[in-house]
Student: 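Please read through the structure below; I'll follow up with questions.
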2 protein chains.
Amino acid sequence: MNNYPQASRILVAIDCIIFGFDGKDIKLLLIKRNFEPEKGKWSLMGGFLNQDEDLSDGAARILYNLTGLKDIYVEQLETFGKVNRDPGERTVSVVFFALIQIDDHDAEAVKSHNASWITLESRPGLIFDHEQMVNQAIEHLKYKAALHPIGFELLPERFTIPQLQKLYEAIYNIPIDRRNFSRKLLSTGLLIDTGYKNSNSTTKKAALYKLDVVKYKEKFHSFWNFMPDSMKQS
Amino acid sequence: MNNYPQASRILVAIDCIIFGFDGKDIKLLLIKRNFEPEKGKWSLMGGFLNQDEDLSDGAARILYNLTGLKDIYVEQLETFGKVNRDPGERTVSVVFFALIQIDDHDAEAVKSHNASWITLESRPGLIFDHEQMVNQAIEHLKYKAALHPIGFELLPERFTIPQLQKLYEAIYNIPIDRRNFSRKLLSTGLLIDTGYKNSNSTTKKAALYKLDVVKYKEKFHSFWNFMPDSMKQS
DNA sequence: ACAAAAGTGTTGACACTACACCCATGG
DNA sequence: CCATGGGTGTAGTGTCAACACTTTTGT
């Protein structure tokens with residue numbers, strides 16, 4: 001079967017940018033390569049698309065291999081296709097953007113891939129154009145989190161509003177007014193009070209909320225306004 | 001040079017969704033195929049990525065071939081990668097989204113490709129997954145135009161506010177209040193009054209504006225609010 | 001009782017909608 | 001001088017940022 005004889009067949013890679021949040025910092029799951037090429041250097045988790053595999057399945061496979069997780073939040077970000085982006089051979093790379101609840105990951109799998117969670121500030125240089133991919137993913141996270149309720153994907157099932165606030169402060173690297181933030185989030189109607197309180201606090205215990213999954217799915221594509229307007233002029 | 005012996009080489013296609021606006025309707029530039037495969041059916045303009053060509057250059061090449069235009073507004077939309085999306089051979093397709101000023105296109109080139117401008121409502125069924133690509137592009141246009149000043153890319157260099165309004169009404173298929181729209185757009189500071197008036201009007205002639213290109217580029221990534229809030233809950 | 005963190009109330013600034021009104025143009 | 005369409009004024013409403021105040025908890 002060769003209907004397009006003169007066209008070039010090209011390697012199609014999948015690279016995954018995986019974000020987590022530990023309660024204080026946004027972190028990336030990066031790999032210290034113990035394999036060729038570029039052995040010893042840092043890179044994103046990746047792999048090649050198989051001939052008989054849907055693109056989204058390829059991304060799910062690679063994410064599962066590293067984290068042990070399925071059904072996590074994944075978006076396709078962009079496809080990178082400079083001729084010499086991989087010096088070994090012409091390769092087009094489709095970049096995926098994933099958000100996970102950092103405590104759910106499979107520590108064994110991460111260890112076996114020689115991967116680590118690294119804060120955005122302390123991240124090392126990366127091979128190829130992976131640096132550019134990460135920068136773009138960070139921009140995308142900032143953009144999308146201001147308008148859509150994706151922050152929840154980084155938090156555990158039950159969370160407090162102050163935790164959520166710390167997450168947004170970490171994403172944008174700015175302080176947010178506690179009181180206005182709380183009201184803004186509650187007014188979305190996406191939060192359900194579980195009735196429980198956060199127990200690891202030495203002062204007033206914050207209420208534990210969970211996401212109203214039905215409303216979340218229904219209204220995901222609405223526009224919200226999760227950030228102070230001042231942020232939006234950046 | 002074969003550093004990745006076990007990986008599959010795959011055809012990489014580029015498909016282009018090209019929007020225009022004729023003053024009344026949003027239109028798509030589609031091709032009635034006079035070549036195989038699927039000869040006689042309608043499709044997007046496309047082609048294969050060459051071995052020695054950057055992905056973005058490939059898109060620019062294909063757009064130039066059909067429209068005769070360079071330096072137009074292009075975004076990468078998404079890469080489609082279902083195994084059987086092209087029955088001829090496994091092909092991954094990178095979809096690009098372009099906005100052009102409809103009067104600038106090269107009619108000869110369009111004709112020689114057997115292409116036509118077709119309104120969204122009257123568009124025919126398309127081959128493969130091109131239908132899905134178009135639907136996604138329409139959604140993207142609605143989304144992006146509400147938040148960023150991309151509408152200008154569809155208008156001629158000098159335009160009136162009523163023209164701009166008709167464009168937005170066509171995108172969202174709703175009526176917009178003339179007076180509020182005018183003020184909202186002027187308050188962005190992106191419009192420069194050219195001092196000229198629209199001459200093809202039989203009543204009061206509207207002022208001709210042009211885009212403040214410097215501010216446009218500076219503030220493109222800011223969030224705006226080009227649509228009435230009521231639209232945003234869709 | 002006090003310190004620290006969570007949560008509630010209030011107010012002024014500003015932006016948005018809706019609608020009344022004025023201006024320019026051609027027949 | 002009237003019909004049509006472009007452009008401006010304004011009042012009511014709602015939302016948001018800012019900040020004072022109250023509540024809960026462990027020591």
Side-chain angles (χ1 to χ4, degrees), chain A residues 23-24 145-147 155 158-169 172 174-210 219 222-234, chain B residues 23-24 146-147 149 155 158-169 172 174-210 219 222-234:
Chain A
K24 188 159 156 291
L147 297 168
L155 292 176
R158 286 151 186 256
F159 53 87
T160 67
I161 292 192
Q163 270 181 285
L164 195 54
Q165 181 180 341
K166 286 199 180 68
L167 169 61
Y168 276 85
E169 290 177 331
Y172 297 102
I174 53 160
I176 300 174
D177 185 280
R178 190 167 44 86
R179 297 146 296 185
N180 295 331
F181 184 81
S182 163
R183 257 188 306 261
K184 188 178 280 187
L185 266 293
L186 287 172
S187 75
T188 63
L190 295 176
L191 302 188
I192 298 174
D193 192 332
T194 63
Y196 295 91
K197 303 269 176 179
N198 183 7
S199 48
N200 0 331
S201 167
T202 164
T203 63
K204 180 168 179 177
K205 295 174 191 331
L208 280 165
Y209 291 90
K210 63 179 181 184
K219 298 187 144 193
S222 303
F223 295 111
W224 306 89
N225 181 9
F226 293 106
M227 292 306 298
D229 288 346
S230 54
M231 260 310 295
K232 294 200 178 172
Q233 295 305 319
S234 72
Chain B
K24 188 160 154 291
L147 297 168
L155 291 177
R158 284 151 188 258
F159 55 86
T160 67
I161 291 193
Q163 271 181 284
L164 195 54
Q165 183 179 341
K166 286 201 181 66
L167 169 61
Y168 277 85
E169 289 178 331
Y172 298 103
I174 53 161
I176 300 174
D177 185 280
R178 190 167 43 85
R179 295 139 306 178
N180 295 332
F181 183 81
S182 163
R183 259 189 302 262
K184 189 179 277 187
L185 265 294
L186 287 172
S187 75
T188 62
L190 295 176
L191 301 188
I192 298 173
D193 191 333
T194 63
Y196 294 91
K197 304 268 175 180
N198 183 8
S199 48
N200 2 331
S201 167
T202 165
T203 63
K204 179 167 180 178
K205 296 173 188 332
L208 281 165
Y209 292 90
K210 63 179 181 184
K219 298 187 143 192
S222 303
F223 296 111
W224 305 89
N225 180 10
F226 292 106
M227 292 306 298
D229 288 348
S230 55
M231 263 308 297
K232 297 203 178 170
Q233 294 305 320
S234 71

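Predicted model, so just to flag it, every value in this text is computed and none were measured. Throughout, a chain's letter reflects where its sequence line sits, starting with A, and its residues are numbered from 1.
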Student: For B:F159 and B:L164, which heavy atoms make the closest approach, and how far apart are they?
Tutor: CE1-CD2, 4.2 Å
Student: Report the residues that fulfil side-chain contact (heavy atoms from CB on, under 4.5 Å) with B:S182, sequence neighbours left out, ordered by chain and then residue number.
Tutor: B:I161, B:L186
Student: Roughly, in whole Å, what's the span from CZ in A:F226 to C1' in D:dC16?
Tutor: 15 Å
Student: Output the distance between atom CH2 (B:W224) and atom CG (B:L185), rounded to the nearest 0.5 Å.
Tutor: 10.0 Å
Student: Sequence neighbours excluded, which residues qualify as side-chain contact (heavy atoms from CB on, under 4.5 Å) partners of B:R158?
Tutor: B:T194, B:Y196, B:L208
Student: Take nucleotides 5-13 of chain D nucleotide by nucleotide from the 5' end and write B, S or -, depending on whether a protein heavy atom sits under 4.0 Å from the base, only from the sugar-phosphate, or from neither.
Tutor: BBBBBB---
Student: Closest approach of B:R178 and B:Q165, non-hydrogen atoms and distance?
Tutor: CA-OE1, 3.4 Å
Student: To the nearest Å, how far apart are B:L185 CG and C:dC16 C1'?
Tutor: 14 Å
Student: Distance check needed: C:dA5 C1' versus A:D177 CG, whole Å only.
Tutor: 14 Å
Student: From CZ of A:F181 over to C1' of D:dA18, roughly how many Å is that when rounded to an integer?
Tutor: 17 Å
Student: Would B:F223 and A:N225 satisfy side-chain contact (heavy atoms from CB on, under 4.5 Å), going step by step from the backbone distance to the final call?
Tutor: CA-CA 10 Å; B:F223 296 111; A:N225 181 9; over 6 Å; no
Student: Starting at atom CG of A:D193, determine the distance to atom C1' of C:dA6, rounded to an integer number of angstrom.
Tutor: 13 Å
